[in-house]
Amino acid sequence: MKFLQLAKEGKNNWWRYLLTIILTNPGISIGTIIGLLSIYILFDITSLLFNLAGLHPPIGRFLQGFADLLSYNITSAFLMLLLFFCMVSIHRRDFKSVLTAHERIKWYRILKGFVVWFSMLLIFLIFSLPDPNLKFTFDGAVYPLLFIISLTIFFQAGFEEIFFRGYILQALNLFLKKPPLAVLISSIIFAIGHWGNQLTFVGNLNIFIDTFIFAIVVAVITVLEDGVETAIGIHTANNMFCALVVNDGTSSFYKPLPSLFTDFSIPPSPIEQLYYSILMNGILLAIIILPQKLNVLKKITLKMRMILWKR
């Protein structure tokens with residue numbers, strides 16, 4: 001719980017939070033507009049040069065998908081820099097305070113979160129391979145470029161976790177003084193921000209349910225671990241899996257990408273999506289948290305034995 005208390009450091013007037021959100025929120029903000037414009041201007045120039053040269057490389061039909069993915073990721077890196085500026089200049093706080101309550105950032109937790117969630121998704125994919133709606137859509141000519149661009153997903157996932165599970169979660173707890181309510185509200189805001197990622201109403205409802213459950217779980221992990229490191233790893237694994245391994249045929253964001261597979265299945269019902277999200281994220285929470293809790297129980301048991309032994 002130390003992580004949530006770090007919001008008490010520095011300057012915490014309401015207008016400071018409002019100004020920071022206006023500058024750095026991943027939706028419509030000054031930072032987002034500047035970042036998007038710069039990336040799309042670059043891709044427009046690239047596309048124009050190809051047309052003038054009469055070239056039509058394999059990348060051409062994926063250019064829009066690559067532009068969308070890269071623009072959002074690079075914009076997120078730009079927003080992270082803006083958030084750093086806001087923390088230091090507006091809130092007068094150490095930027096590390098929205099990442100971790102520990103003396104140093106625990107980088108190994110990022111890797112831990114990435115490996116656990118990516119492995120879980122791969123296992124689920126293996127069991128799904130007999131599904132005829134799962135089509136092999138790998139394109140060897142452009143996949144290496146997709147892989148390189150996908151490495152920038154770390155910035156997008158990292159920023160969203162620092163912003164939602166760090167800055168926003170801490171702010172809500174500061175004003176509401178109720179951690180469970182802060183987790184709930186921040187998760188709802190996060191889920192609302194993903195509405196529109198699908199092409200259908202049912203798809204958007206499913207993505208809302210899935211991201212809401214996901215947000216609650218990574219928020220709980222953040223609070224229990226006093227840092228967003230594991231959450232960053234999990235989020236990065238999730239988005240890289242969607243881009244590189246299996247994209248959704250009904251997704252407005254990942255569909256244009258040459259992933260290994262594309263899932264053309266009819267979206268599940270919201271109830272089915274709820275069951276699936278609770279199951280997968282529940283397993284994730286157990287894998288991440290239980291070993292730590294068991295270690296705590298082991299220490300308590302050891303201390304009790306020492307006390308009884310002295311008696």
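- At distances below 3.5 Å, at least one donor-acceptor pair connects side-chain atoms of S269 with backbone N or O atoms of E272.
- Within the 4.5 Å cutoff, the side chain of F261 has no heavy atoms near those of the K135 side chain.
- Residue P258 comes nearest to V142 through the heavy atom pair CG-CG2, 3.6 Å, listed as atom of the first residue, atom of the second, then distance.
- Residues T137 and S259 share a closest heavy-atom pair of OG1-O, 3.0 Å.
- A donor-acceptor pair under 3.5 Å is absent between the side-chain atoms of K178 and the main chain of F175, judged by distance alone.
- The cluster map of Ile, Leu, Val, Met, Phe, Trp and Tyr, joined by side-chain heavy atoms under 4.5 Å apart, puts L176 and V220 in the same cluster.
- Other cluster members for L111: V115, joined by side-chain heavy-atom distances under 4.5 Å among Ile, Leu, Val, Met, Phe, Trp and Tyr.
- No more than 12 heavy atoms of other residues, nucleotides or ligands shown are found within 6.0 angstrom of CZ on F155.
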*When you look at V246 and L134, which way does the side-chain contact (heavy atoms from CB on, under 4.5 Å) test go after all the steps?*
CA-CA 9 Å; V246 181; L134 191 64; 4.0 Å; yes
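- T152 places no side-chain N or O within 3.5 Å of a backbone atom of L70 that could act as its donor or acceptor partner.
- Residues forming a ring-ring contact (aromatic ring centres under 6.0 Å, His included) with F118 (at least two apart in sequence, or on another chain): F114, F241.
- With a 4.5 Å cut-off on side-chain heavy atoms, S187 and I216 count as touching.
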_Let's go through F208 and N204 carefully: what are the C-alpha distance in whole Å and the side-chain angles of both, what is the deciding distance for side-chain contact (heavy atoms from CB on, under 4.5 Å) to 0.1 Å, and is it a yes or a no?_
CA-CA 6 Å; F208 176 87; N204 279 310; over 6 Å; no
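- Geometric assessment of R165 against the ring of F190 yields a positive cation-pi assignment under the 6.0 Å and 45° thresholds.
- Rounded to the nearest 0.5 angstrom, I185 CD1 and L169 CG are separated by 10.5 Å.
- Pairing each heavy atom of I189 with each of F164, the nearest pair is CG2-CE2, 3.9 Å.
- Y17 and Y167 have tilted rings, their planes meeting at an angle from 30° to 60° on a 0 to 90° scale.
- One hydrophobic cluster, built from ILVMFWY side chains closer than 4.5 Å, holds both L151 and F66.
- Hydrophobic clustering of Ile, Leu, Val, Met, Phe, Trp and Tyr side chains at less than 4.5 Å, counting indirect connections, keeps I266 apart from I207.
- By the side chain to side chain contact (heavy atoms under 4.5 Å, CB included) test, I123 is found to be paired with F127, residues two or more places apart in sequence or in another chain being considered.
- Scanning all heavy atoms of the two residues, the minimum distance from I209 to P270 falls at CD1-O, 3.6 Å.
- The six-membered or imidazole ring of H194 lies away from that of F212, with a centre-to-centre distance of 6.0 Å or more.
- How far OG of S265 is from CG of D131: 4.0 Å, rounded to the nearest 0.5 Å.
- The closest donor-acceptor contact from the side chain of K96 to the backbone of H102 lies under 3.5 Å.
- Here V202 is tied to no hydrophobic group at all, with no ILVMFWY side chain closer than 4.5 Å.
- Checking side-chain atoms of N12 against main-chain N and O of A7 turns up a donor-acceptor pair under 3.5 Å.
- For the pair W195 and F201, the minimum side-chain heavy-atom distance is below 4.5 Å.
- E229 and T100 share a donor-acceptor pair across their side chains, judged by distance under 3.5 Å alone.
- More than 12 non-hydrogen atoms from other residues, nucleotides or ligands lie less than 6.0 angstrom from CZ of F138.
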*Do L146 and L69 pass the side-chain contact (heavy atoms from CB on, under 4.5 Å) test, and can you show the C-alpha distance, the side-chain angles, and the key distance before you say yes or no?*
CA-CA 9 Å; L146 173 62; L69 183 63; 4.1 Å; yes
_Stepwise side-chain contact (heavy atoms from CB on, under 4.5 Å) check, I168 with I21_ = CA-CA 9 Å; I168 295 297; I21 290 172; 4.0 Å; yes
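- Annotation for S97 and L6: closest pair O-CD1, 3.4 Å, computed over non-hydrogen atoms.
- The aromatic rings of H235 and F214 stand perpendicular to each other, their planes meeting at an angle above 60°, with 30° marking the opposite boundary.
- Here M87 contributes atom CE and T24 contributes atom OG1; the two are 10.0 Å apart, rounded to the nearest 0.5 Å.
- Using a 4.5 Å cut-off on side-chain heavy atoms (C-beta onward), F154 and I110 make contact.
- Side chain of H91 to main chain of G10: no donor-acceptor pair is present (N/O by atom type, distance under 3.5 Å, no hydrogens or angles).
- Atom CH2 of W107 sits in a sparse spot, with 12 or fewer heavy atoms from other residues, nucleotides or ligands closer than 6.0 Å.
- With R16 contributing its side chain and I90 its backbone, the two residues share a donor-acceptor pair below 3.5 Å.
- The ring-ring contact (aromatic ring centres under 6.0 Å, His included) test applied to Y108 returns no partner, not counting sequence neighbours.
- In this structure, F124 has its ring center closer than 6.0 angstrom to the ring center of Y276.
- The hydrophobic clustering, which links ILVMFWY residues whose side-chain heavy atoms are closer than 4.5 Å, places L99 and L81 apart.
- With 3.5 Å as the limit, one finds a donor-acceptor pair spanning the side chains of S277 and Q273.
- Of the possible polar contacts, none joining the T20 side chain to the C86 backbone as a donor-acceptor pair under 3.5 Å is found.
- Interatomic distance, F264 CZ to N133 CG, rounded to the nearest 0.5 Å: 9.5 Å.
- Annotation: side chain of I288 is in contact with side chain of V116 (closest heavy-atom distance under 4.5 Å).
- Rounding to the nearest 0.5 Å places CG of N238 at 10.0 Å from CG of L284.
- In terms of modelled atom types and a separation under 3.5 Å, the side chain of N73 and the main chain of Q156 share no donor-acceptor contact.
- At a threshold of 4.5 Å between non-hydrogen side-chain atoms, the residues K106 and K112 do not count as touching.
- F85 belongs to no hydrophobic cluster with other residues, because no ILVMFWY side-chain heavy atom falls under 4.5 Å from its own, directly or through intermediates.
- Nearest heavy atoms, Y143 versus L260: OH-CG, 3.8 Å.
- Applying the side-chain contact (heavy atoms from CB on, under 4.5 Å) test between I232 and each of T222, I162, I105 identifies I162 as the sole match.
- Between E225 and K2 no salt bridge is recorded (no basic side-chain N to carboxylate O distance below 4.0 Å).
- By the 4.5 Å heavy-atom criterion applied to side chains, V98 and V228 are not counted as neighbours.
- With rounding to the nearest 0.5 angstrom, the CH2 atom of W14 is 10.5 Å from the CG atom of L19.
- Follow the hydrophobic side-chain contacts under 4.5 Å out from W117 and you never reach I126; the two are in separate clusters.
- Contact annotation: the side chain of T230 never approaches that of V218 to less than 4.5 Å [non-hydrogen atoms, C-beta and beyond].
- Of the possible donor and acceptor atoms, none in the side chain of N239 sits under 3.5 Å from a partner among the backbone N and O of A157.
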